Amino acid sequence: MIDVEEAYRVLFEYVTPGPVVALPLSDALYRTLASPINCDLDMPPFDRSVMDGYAVRAVDVTQAPLTLRLVGEAPAGAVVGKAIGDGEAMRINTGAPIPPGADAVVRVEETEPCGDGVLVKSSVAVGNFITRRGAYVTAGDVVMAAGLRLTPAAIAAAATAGAARVSVYRKPRVAILTTGDELVDVDQKPLGAQIRNSNQFLVEALVRSAHADPVVLPVVRDDRDRLEASIREGLKADVLCVTGGVSMGDRDFVPEVLQAAGATFHIHKIAIKPGRPTIFATTPSGTLVFALPGNPVSALVGFELLVRPALRVREGGGAIQPVLLAAEVVGGCPATRDRQSYHPARAWVGARGQWCVERVSWGGSGDSLGLAAANAMIVCPPGAPEVPEGAQGFIMLLDPV
Ligand code: AMP
Ligand code: MG
């Protein structure tokens with residue numbers, strides 16, 4: 001059994017970024033850039049107005065208030081050929097090119113219509129409300145470095161730079177295999193000793209939330225031969241995520257079948273509660289394998305602890321452990337024994353902007369219904385004393401929004 005720090009050292013040693021693909025920009029949301037993006041033009045590409053107003057020569061309005069002759073307009077998207085001369089102004093809109101001869105913009109708010117002309121009420125400095133060509137970047141500059149995650153704002157920047165296709169790390173395909181004689185489908189009524197297969201939905205949803213592609217395999221019984229066939233199928237994906245059958249029961253065949261299928265174990269048992277029997281392995285062809293205990297909370301903890309960070313590395317996003325935030329623990333939290341403990345909890349932002357958290361009422365690691373109210377886990381390190389009411393603890397957010 002290894003501790004959490006050691007588990008991350010091992011995980012990040014064996015997980016590396018996946019293959020690179022070129023994608024149309026609109027398919028690349030939340031992918032990570034594998035190569036930098038250069039802007040193919042100066043930005044802005046021309047001297048342009050920051051405001052709706054009038055393009056003027058600053059020297060003409062030093063004695064403001066005064067009236068200028070109106071000599072046309074400069075709308076956005078049009079190149080104005082005509083220059084403005086002594087005592088002239090041109091109506092201009094936000095984002096429009098500055099007409100030749102003008103060197104400043106007066107905001108509409110500083111003017112009043114006046115016959116055929118415009119009354120300018122205050123003087124302006126040269127360059128007022130003008131963004132010069134190339135003020136942001138020069139053609140050829142790197143505007144987005146490799147390793148940048150394509151958020152909506154980054155997608156917009158790539159569009160500005162003319163990157164119709166982008167080179168990114170491919171979305172990992174994650175095979176999901178749930179195991180257990182007791183499992184029935186969501187649309188079945190469990191009989192006798194049966195329960196519904198919630199882990200299939202849990203892991204599929206987690207994989208999607210990590211911006212990876214789930215491939216759900218048919219549930220498999222606790223039967224060595226059938227399990228082996230399913231695991232071999234699952235190993236064709238980039239990542240295989242198995243739940244159930246990893247513990248000490250006489251029908252927990254997952255570890256031996258994984259080994260028979262060629263997987264090398266790097267982690268087998270972590271000092272966490274719940275989730276101790278968690279396995280991380282790799283195959284010679286490079287598939288990452290995670291085998292998580294069947295209890296829904298154990299499976300969730302194992303996913304957040306290992307699978308999500310591993311997917312992030314595969315997606316080119318770097319090796320990052322789950323972020324722990326300090327929070328005020330309402331109702332306190334019990335002392336921790338030898339294993340790092342995870343308590344399903346509800347987190348919210350308190351009146352002073354601080355994180356607050358309270359354990360959800362929950363029947364233990366088999367209770368997937370109680371888990372529904374949790375948007376965080378309180379994380380208690382091994383040997384931690386009881387956290388008194390209102391004292392500081394640490395949380396891992398499950399739902400970042
Ligand atoms: P196991 O890890 O196979 O020993 O399973 C531990 C506990 O988790 C048992 O109570 C199982 O019934 C439950 N369990 C296993 N797989 C699932 C699943 N796919 N969905 C919901 N509960 C499960
Ligand atoms: Mg089982």
Side-chain angles (χ1 to χ4, degrees), residues 1 7 174-209 214-231 233-234 237 239-261 263 265 267-281 289-308 339 341-344 360 362-374 377 398:
M1 188 157 78
V174 184
I176 297 164
L177 182 61
T178 44
T179 74
D181 284 333
E182 71 276 38
L183 302 179
V184 297
D185 263 348
V186 62
D187 54 358
Q188 307 282 305
K189 184 116 188 189
L191 300 170
Q194 296 175 326
I195 56 164
R196 289 202 179 93
N197 182 357
S198 61
N199 285 349
Q200 177 189 306
F201 290 86
L202 172 69
V203 180
E204 182 184 17
L206 289 168
V207 166
R208 282 192 208 285
S209 75
V215 180
V216 176
L217 299 175
V219 62
V220 63
R221 307 284 149 224
D222 294 319
D223 169 297
R224 199 184 272 104
D225 294 338
R226 289 203 215 163
L227 188 61
E228 181 156 353
S230 298
I231 280 182
E233 183 59 30
V239 179
L240 168 62
C241 215
V242 186
T243 73
V246 294
S247 307
M248 301 303 286
D250 56 0
R251 298 178 70 79
D252 287 339
F253 297 127
V254 169
E256 60 182 88
V257 170
L258 280 173
Q259 266 158 341
F265 287 21
I267 295 174
H268 190 180
K269 294 190 173 56
I270 310 179
I272 54 174
K273 185 179 182 319
R276 173 169 36 197
T278 301
I279 292 169
F280 164 57
V289 183
F290 297 91
L292 310 175
N295 269 318
V297 183
S298 314
L300 175 61
V301 167
F303 189 95
E304 294 297 337
L305 237 62
L306 296 184
V307 187
R308 189 184 297 279
R339 290 181 278 153
S341 299
Y342 296 82
H343 302 270
V360 297
W362 171 65
S365 55
D367 181 8
S368 53
L369 295 177
L371 197 54
M377 294 270 177
L398 300 175

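In what follows, every heavy atom counts, from backbone to side chain, and hydrogens, waters and symmetry copies are set aside. Please read these numbers as outputs of a predicted model, since none were measured by experiment. Both counts, for ligands and for their atoms, begin at 1 and track the order of listing.
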### Residues E204 and R208 bridged, charged N to O under 4.0 Å
yes
Report each N/O pair between ligand 1 and the protein that falls under 3.5 Å, naming both atoms.
unit_1: ligand 1; atom_1: 2 (O); unit_2: G294; atom_2: N; d: 2.8
unit_1: ligand 1; atom_1: 3 (O); unit_2: G245; atom_2: N; d: 2.8
unit_1: ligand 1; atom_1: 8 (O); unit_2: G294; atom_2: O; d: 3.3
unit_1: ligand 1; atom_1: 8 (O); unit_2: N295; atom_2: N; d: 3.1
unit_1: ligand 1; atom_1: 12 (O); unit_2: E182; atom_2: OE2; d: 2.6
unit_1: ligand 1; atom_1: 14 (N); unit_2: G294; atom_2: O; d: 3.3
unit_1: ligand 1; atom_1: 19 (N); unit_2: N197; atom_2: OD1; d: 2.8
unit_1: ligand 1; atom_1: 19 (N); unit_2: N199; atom_2: ND2; d: 3.4
unit_1: ligand 1; atom_1: 20 (N); unit_2: S198; atom_2: N; d: 3.2
unit_1: ligand 1; atom_1: 20 (N); unit_2: N199; atom_2: N; d: 3.2

Output side-chain donor-acceptor pairs under 3.5 Å for residues 367-374, partner residues at least two apart or in another chain, one line each.
unit_1: D367; atom_1: OD1; unit_2: L369; atom_2: N; d: 3.1
unit_1: D367; atom_1: OD1; unit_2: G370; atom_2: N; d: 2.9
unit_1: D367; atom_1: OD2; unit_2: G363; atom_2: N; d: 2.8

Residues 184-194 vs side chain to side chain donor-acceptor pair (under 3.5 Å), sequence neighbours excluded, gives none
query: Is there a donor-acceptor pair under 3.5 Å between the side chain of D223 and the backbone N or O of R226?
result: yes
Residues passing the salt bridge (Lys or Arg N to Asp or Glu O under 4.0 Å) test with E182, sequence neighbours excluded, are none
Tested for side-chain contact (heavy atoms from CB on, under 4.5 Å) against L206, the lone hit among I176, L300, N199, V174 is L300
